[in-house]
*Asks:* 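Provided herewith is a single structure, encoded as structure tokens, for subsequent inquiry.
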Amino acid sequence: MENTKIKTFNINTDKYGKLIPLEGNDTIPFDIKRVYYIYEVEENVRRGFHSHKELEQVLICVHGSVKILVKTPKEEEIITLDDPKKGLYIGPDVWREMYDFKDGAVLLVLASDHYDKKDYIRKYKNYEKYYKEKK
Ligand code: TYD
């Protein structure tokens, strides 16, 4: 789907365990300016419900599993993140919702910019309008 992509990272496995390195402008297709993680989310909670005008992100479920709905006025897709070697890239102008946080899910998010409230569109109707005017 447009502006989204599933990435599979290389794992360094040895007798001591597994290690995945992530580097900005390399494995991650932008300069990483912010990192946050979401955890201890009750199973009946659905969150997100926004799009970004400029921000790019990569979402990685480093423990447990979570479902991500990504959506535009044209198409939608549900991606299950349940493996620390999988990352979901989400670029600008994509609506997202996160739900079904299971098994102690920890969702790590790498972002291309600092937190900026003005970059968010939090109402689906406004997002649809913005999307249609832009495309
Ligand atoms: P929120 O945007 O509601 O999370 P999501 O949409 O991913 O479910 O963020 C929850 C709270 O955390 C809200 O008060 C804003 C704050 N916050 C920051 O202060 N910095 C950040 O980088 C993020 C992502 C959120």
Side-chain angles (χ1 to χ4, degrees):
M1 178 178 132
E2 79 177 284
N3 277 359
T4 69
K5 194 177 165 70
I6 294 165
K7 298 185 159 283
T8 305
F9 307 124
N10 291 327
I11 311 174
N12 292 279
T13 305
D14 58 28
K15 64 182 177 186
Y16 304 108
K18 295 187 193 300
L19 183 155
I20 298 179
L22 301 173
E23 299 210 13
N25 292 321
D26 184 47
T27 14
I28 302 300
F30 50 77
D31 199 16
I32 302 161
K33 291 220 183 116
R34 176 167 52 110
V35 174
Y36 62 92
Y37 36 99
I38 300 172
Y39 65 106
E40 288 189 10
V41 179
E42 300 285 343
E43 274 194 32
N44 58 348
V45 167
R46 199 167 173 111
R47 55 185 298 163
F49 297 100
H50 65 259
S51 73
H52 286 283
K53 294 178 186 168
E54 306 282 345
L55 192 74
E56 298 175 272
Q57 296 184 307
V58 172
L59 281 59
I60 304 158
C61 190
V62 291
H63 188 266
S65 74
V66 60
K67 290 200 181 87
I68 317 287
L69 167 75
V70 282
K71 183 172 170 176
T72 70
K74 291 186 192 146
E75 52 189 338
E76 68 177 67
E77 202 176 325
I78 293 165
I79 292 125
T80 301
L81 292 178
D82 57 0
D83 185 337
K85 72 172 180 295
K86 270 203 303 190
L88 172 63
Y89 169 84
I90 308 180
D93 304 329
V94 178
W95 185 262
R96 86 285 316 267
E97 297 171 18
M98 293 95 87
Y99 63 104
D100 268 3
F101 286 75
K102 282 196 181 134
D103 303 322
V106 181
L107 181 64
L108 176 70
V109 182
L110 312 177
S112 64
D113 215 338
H114 300 288
Y115 182 63
D116 176 10
K117 275 188 183 165
K118 295 191 295 296
D119 191 63
Y120 281 74
I121 303 177
R122 288 201 176 269
K123 287 203 170 94
Y124 191 78
K125 280 259 174 280
N126 295 346
Y127 160 70
E128 241 180 346
K129 189 164 177 277
Y130 178 85
Y131 182 96
K132 284 176 181 161
E133 279 169 5
K134 196 168 166 184
K135 305 280 163 180

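Whatever order the structure lists them in is the order used to number ligands and atoms, beginning at 1. These numbers come from the heavy atoms of this one structure, side chains and all, not from hydrogens, waters or symmetry mates.
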*Asks:* Decide side chain to side chain contact (heavy atoms under 4.5 Å, CB included) for Ile28 and Tyr89; before the verdict, give the C-alpha distance in whole Å, the side-chain angles of both, and the deciding distance to 0.1 Å.
*Replies:* CA-CA 9 Å; Ile28 302 300; Tyr89 169 84; over 6 Å; no
*Asks:* Parallel, tilted or perpendicular: which one describes the rings of Tyr37 and Tyr39, with boundaries at 30° and 60°?
*Replies:* tilted
*Asks:* Where does the angle between the aromatic ring planes of Tyr115 and Tyr120 fall among parallel (under 30°), tilted (30 to 60°) and perpendicular (over 60°)?
*Replies:*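 The rings of Tyr115 and Tyr120 stand perpendicular, inter-plane angle above 60°.
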*Asks:* Among all protein heavy atoms, pick out the one at the shortest distance from atom 15 (C) of ligand 1; state its residue, atom name and that distance to 0.1 Å.
*Replies:*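 Checking every protein heavy atom, the shortest distance to atom 15 (C) of ligand 1 gives Tyr115 OH, 3.3 Å.
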*Asks:* Look at the aromatic rings of Trp95 and Phe49 and report parallel, tilted or perpendicular, splitting at 30° and 60°.
*Replies:*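 Answer is perpendicular, since the angle exceeds 60°.
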*Asks:* Taking salt bridge (Lys or Arg N to Asp or Glu O under 4.0 Å) as the definition, give me every residue that meets it alongside Glu77, ordered by chain and number, with sequence neighbours left out.
*Replies:* none
*Asks:* Does the Lys NZ or Arg CZ of Lys135 fall within the cation-pi geometry relative to Tyr131 - under 6.0 Å from the ring centre and within 45° of the axis?
*Replies:*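 Judged by the rule (NZ or CZ under 6.0 Å from the ring centre, within 45° of its axis), Lys135 counts as positioned above Tyr131.
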*Asks:* Polar-atom distance check: Ile38 versus ligand 1, any N or O pair below 3.5 Å?
*Replies:* no
*Asks:* Look at atom 22 (O) of ligand 1 and say which protein heavy atom is nearest, naming residue and atom and giving the distance to 0.1 Å.
*Replies:* Arg34 NH1, 2.4 Å
*Asks:* Among the heavy atoms of Arg122, does any lie under 4.0 Å from an atom of ligand 1?
*Replies:* yes
*Asks:* Closest non-hydrogen protein atom to atom 6 (O) of ligand 1, residue and atom name please, with distance?
*Replies:* His50 CE1, 3.0 Å
*Asks:* Distance only, no hydrogens: is a donor on one side chain within 3.5 Å (strictly under) of an acceptor on the other, for Glu97 and Tyr124?
*Replies:*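 Not at all, the side chains of Glu97 and Tyr124 share no donor-acceptor pair under 3.5 Å.
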*Asks:* If the contact criterion is a heavy-atom separation under 4.0 Å, does His114 count as touching ligand 1?
*Replies:* no
*Asks:* Under 4.0 Å from atom 24 (C) of ligand 1, is there at least one protein heavy atom?
*Replies:* yes
*Asks:* Return the residue, atom name and 0.1 Å-rounded distance of the protein heavy atom closest to atom 8 (O) of ligand 1.
*Replies:*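 Checked against all protein heavy atoms, atom 8 (O) of ligand 1 sits closest to Arg47 NE, 2.7 Å.
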*Asks:* At what distance is the nearest protein heavy atom to atom 7 (O) of ligand 1, and which residue and atom is it?
*Replies:* Met98 CE, 3.7 Å
